[in-house]
*Asks:* 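Let me begin by handing over the structure; questions about it come next.
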Amino acid sequence: MIGVTTLDEFIIDRQDDFPFATGDLSRLLRDIGFASKIVNREVNKAGLVDISGAAGSENIQGEQQQKLDVFADEVFIKALKSGGEVCGIASEENDDFIAFENESSRNGKYVVAMDPLDGSSNIDVNVSIGTIFSIFRRKSEIGSLATMEDFLQPGTEQVAGGYVLYGSSSMLVYTTGNGVNGFTLDPSIGEYCLSHAGMKTAENGKIYSMNEGNYFQSHKGIQKYLDKCKEDRKTARYIGSLVADFHRNLIKGGVYLYPGTTSAPSGKLRLLYECNPLAFIVEQAGGKASDGDQRIMEIVPRELHQRCPYFVGSKNMVEEIEGLLK
Ligand code: AHG
Ligand code: MN
Ligand code: MN
């Protein structure tokens, strides 16, 4: 049409990328895009309506849930359940995965793991937050209920991964293994429009992003890396919303570090719905994601909320960190 490609048009055009595709994955991606617009609407008025602040509950990981965490979780669950392409969903906000019992969902071919609202601590202070998602083909039989096995697949099995950034403008970025494309939400027409086609990240970047409050709790190799970043006058940037930190580094070149610490040897970030989808994207953009020793996407998960140390971004920077951790 008039010189813009909307997310929906793009997804339909790209359906031919998948041999034997029936359109289910395309529909699923559109459902996620649609649900994210509802979340975006609430995020945009968070200070005006009674949606900011704590929900008064904790999630399985003992973290305070914010009202928007709970809201976003419900919106995505509803959208995916009514879509019928997905037989179950695992989310940061729920202890166990949810197996959709309605008939159309039981016939769904996919499962989704997601962080419905990433960067919760930034909601109340008007700083960028996000959504992260990962899509797998189910292992269990079509027609039955989703099983744990459907979710505990390594990242290499992802059929799609992506994120939504609710920032100064909102963006949806995703990959299905054929490169990375980014779409900016035009609020005047309510559509995501292709704005960043074929995203690539630099092999070497200038930015390093870590919560340096954890410096003394970190491995000597990490301390050495941070010292060297300072000696080399690299740029320190840390928002505290993984999606926002990742997105900036993807575009500008850089590395994000969330290492294991003495009190949390596996770090903080969750493999299934934080690390894997962004690892898929960064690799498709020419970058790298590692736990310091192993490629993130090759880790075989043992549990839904498993954490792992995370180093993601420009290839040479991640490799330098791996070298220092040996
Ligand atoms: P979530 O809000 O989904 O729980 O994720 C928060 C994560 C991530 O977004 C961010 O990069 C990291 O926690 C920040 O942790 P620190 O406050 O320890 O730096
Ligand atoms: Mn998160
Ligand atoms: Mn979250």
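Order of listing sets the numbers, starting from 1, for every ligand and every atom in it.
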*Asks:* I'd like the contact residues of ligand 1, where contact means a heavy atom below 4.0 Å.
*Replies:*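 Ligand 1 pocket, heavy atoms under 4.0 Å: E63, E92, D115, L117, D118, G119, S120, N211, Y238, G240, S241, L242, Y256, Y258, K268, L269, R270, E274.
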*Asks:* Where do R295 and E298 land on the salt bridge (Lys or Arg N to Asp or Glu O under 4.0 Å) test, with the steps shown first?
*Replies:* CA-CA 6 Å; R295 181 179 171 212; E298 285 176 3; 3.0 Å; yes
*Asks:* Using atom types as modelled, flag every donor-acceptor pair under 3.5 Å from a side chain in residues 317-326 to any protein atom, sequence neighbours excluded.
*Replies:*
{"from": "E319", "atom 1": "OE2", "to": "K288", "atom 2": "NZ", "distance (Å)": "3.1"}
{"from": "E320", "atom 1": "OE2", "to": "K228", "atom 2": "NZ", "distance (Å)": "3.2"}
{"from": "E322", "atom 1": "OE1", "to": "K288", "atom 2": "NZ", "distance (Å)": "3.4"}
{"from": "E322", "atom 1": "OE2", "to": "S290", "atom 2": "OG", "distance (Å)": "2.7"}

*Asks:* Regarding N102 and S105, do their side chains bring together a donor and an acceptor under 3.5 Å, going by distance alone?
*Replies:*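 S105 and N102 do have a side-chain donor-acceptor pair below 3.5 Å.
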*Asks:* Under a 3.5 Å threshold, yes or no: a donor from one side chain and an acceptor from the other, between S120 and D69?
*Replies:*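 Judged by distance alone, the side chains do pair up.
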*Asks:* I'd like to know if the side chain of E191 pairs up with that of T6 as donor and acceptor (distance under 3.5 Å, no hydrogens or angles considered).
*Replies:*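 The answer is no; no qualifying pair exists.
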*Asks:* Salt bridge check: are E85 and R27 linked by an N-O gap of less than 4.0 Å?
*Replies:*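 Here E85 pairs with R27 in a salt bridge, since their nearest N and O are under 4.0 Å apart.
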*Asks:* Mind checking whether Y174 and F183 have parallel, tilted or perpendicular rings, split at 30° and 60°?
*Replies:*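 Rings of Y174 and F183: parallel, under 30°.
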*Asks:* As a test of understanding, state which of Y273, F280, F246 forms a ring pair (Phe, Tyr, Trp, His ring centres under 6.0 Å) with Y163.
*Replies:*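 Among Y273, F280, F246, the one that satisfies the ring pair (Phe, Tyr, Trp, His ring centres under 6.0 Å) with Y163 is F246.
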*Asks:* Given a threshold of 2.8 Å, state how many protein N/O/S atoms are nearer than that to the Mn ion (ligand 2).
*Replies:*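 That number is 3, waters not included.
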*Asks:* Under the side-chain hydrogen bond (donor to acceptor under 3.5 Å, both in side chains) rule, collect the residues that match up with S241, sequence neighbours excluded.
*Replies:*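 For S241, the residues satisfying side-chain hydrogen bond (donor to acceptor under 3.5 Å, both in side chains) (neighbours in sequence not counted) are N122.
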